[in-house]
Amino acid sequence: MRGALAAAHEMAADAVLSHVTAAVLHGLPAWDLPLDRVHSTRPRRSGARVGRFAHVHAAQLDADEVVEVDGVRVTSLARTLADIGRSAPFEHAVVVADAALHRHLVTRGELDAAVARGARRPGNPAADRALRFAAPGSMSVGESRSRVALHVAGLPAPVLQWPVVTAGGAAVGEVDFAWPRQRCVGEFDGRVKYGRLLFPGQDAGDVLFAEKRREDAIRDEGLHMTRWTWRDLADFAPVAARIARRLGPTSHTG
């Protein structure tokens, strides 16, 4: 961020920080997106260039697509997400957009409007696909990537953050992913999740023990649990196959 703020003082007067640089300044995760160049956009038809430390884009910018962050002009959040959707791979764009929706920083209507404005820009169909897929229920990069992996595997879209309740009405907890009709649930296990669950005075062992009890309670409700980790996301086929078996012969959406 410091580099982006420093670069802002050396940009042309009409330039606005944009794309992944703007996403970082908006406080969003830039999972696996290159950060070696500062991205900016100038409101003109030509003059785009890529240098060693800077990537200057040339594109129309409406007044309401420019905001200030820490005293620096950057593209609005909706415009930033649309730009990333047009230029980054689907999974990467979904991760950023999911985070913005989950934090209530942008609305679905604002995303739709940003995509509609760029109807003639290169890559806009990709942005439309990624931003339509984005959802507020993903609470982390790992959960967003998991949603993409489930989608690519052809599995039905799960319910996100599904509450598990006993027959007597007692709350057991929430699961990351659920297919309620098939009594199947899924959990992405990342170290960050367990860090979030720590209470004052607890250590990791306490959290793991509590999580084991929680999982037992979920299974006691007749739910089939599948867990996966960061490593599994690199080759999701085995996990997808386990879930598909539990969902039954009609599980793949084709």
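Heads up: numbering here begins at 1 and tracks the sequence.
Ser138 OG to Leu160 CG: the interatomic distance, rounded to the nearest 0.5 Å, is 5.5 Å. Note that CG of Asp176 is 4.0 Å distant from CD of Glu143, once rounded to the nearest 0.5 Å.
Side-chain contact between Leu105 and His26 is absent, with no heavy atoms from C-beta onward closer than 4.5 Å. The closest side-chain heavy-atom distance from Val24 to Leu28 is not below 4.5 Å. Using a 4.5 Å cut-off on side-chain heavy atoms (C-beta onward), Val239 and Arg242 make contact. Counting only heavy atoms from C-beta outward, the side chains of Asp98 and Arg147 approach each other to under 4.5 Å. Looking only at side-chain heavy atoms (C-beta outward), Val185 and Trp162 come within less than 4.5 Å of each other.
Judged by the 6.0 Å and 45° rule, Arg227 forms no cation-pi pair with Phe188. Taking the ring centre of Phe90 as origin, the terminal cationic atom of Arg129 falls inside the region bounded by 6.0 Å and 45° from the ring axis.
At distances below 3.5 Å, not a single donor-acceptor pair connects side-chain atoms of Thr226 with backbone N or O atoms of Gly186. Trp179 places a side-chain N or O within donor-acceptor distance of the main-chain N or O of Pro156, the cut-off being under 3.5 Å. Here the side chain of Glu110 pairs a donor or acceptor atom with the backbone of Thr107 at under 3.5 angstrom. Counting only distance, with no hydrogens or angles, the side chain of Ser146 and the backbone of Gly142 share a donor-acceptor pair below 3.5 Å. Under a 3.5 Å cut-off, the side chain of Glu65 and the backbone N or O of Leu61 do not form any donor-acceptor pair. Between the side chain of Arg108 and the backbone N or O of Ala134, at least one donor-acceptor pair lies under 3.5 Å. Looking only at distances, a side-chain donor or acceptor of Arg246 sits under 3.5 Å from a matching main-chain atom of Met225. Between the side chain of Asn124 and the main chain of Arg121, no donor-acceptor pair closer than 3.5 Å is present. Remark: side-chain polar atoms of Glu174 are not paired, donor with acceptor, to backbone N or O of Pro163 under 3.5 angstrom.
A donor-acceptor pair shorter than 3.5 Å cannot be found between the side chains of Ser18 and Thr75.
Taking each heavy atom of Gly47 and Val56 in turn, the nearest pair found is O-CG1, 4.4 Å. Closest approach of Ala23 to Thr80, counting heavy atoms only: N-CG2, 3.6 Å.
Remark: Arg103 CZ is packed, more than 12 non-hydrogen atoms of other residues, nucleotides or ligands lying under 6.0 Å away.
A salt bridge links Asp128 and Arg132; the closest N-O separation between the charged side-chain nitrogens and carboxylate oxygens is under 4.0 Å.
One hydrophobic cluster, built from ILVMFWY side chains closer than 4.5 Å, cannot hold both Val16 and Leu81; they sit in different ones.
When each of Phe177, Phe236, Phe133 is checked for a ring-ring contact (aromatic ring centres under 6.0 Å, His included) with His151, only Phe133 meets the rule.
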ask   = Given Asp83 and Arg79, is the salt bridge (charged side-chain N to carboxylate O under 4.0 Å, His left out) satisfied, shown in steps?
value = CA-CA 6 Å; Asp83 282 339; Arg79 173 60 187 264; 3.1 Å; yes
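In this structure His57 satisfies the ring-ring contact (aromatic ring centres under 6.0 Å, His included) test together with His19, His39, His55, sequence neighbours excluded. Here Asp64 pairs with Arg117 under the salt bridge (Lys or Arg N to Asp or Glu O under 4.0 Å) rule; sequence neighbours left out.
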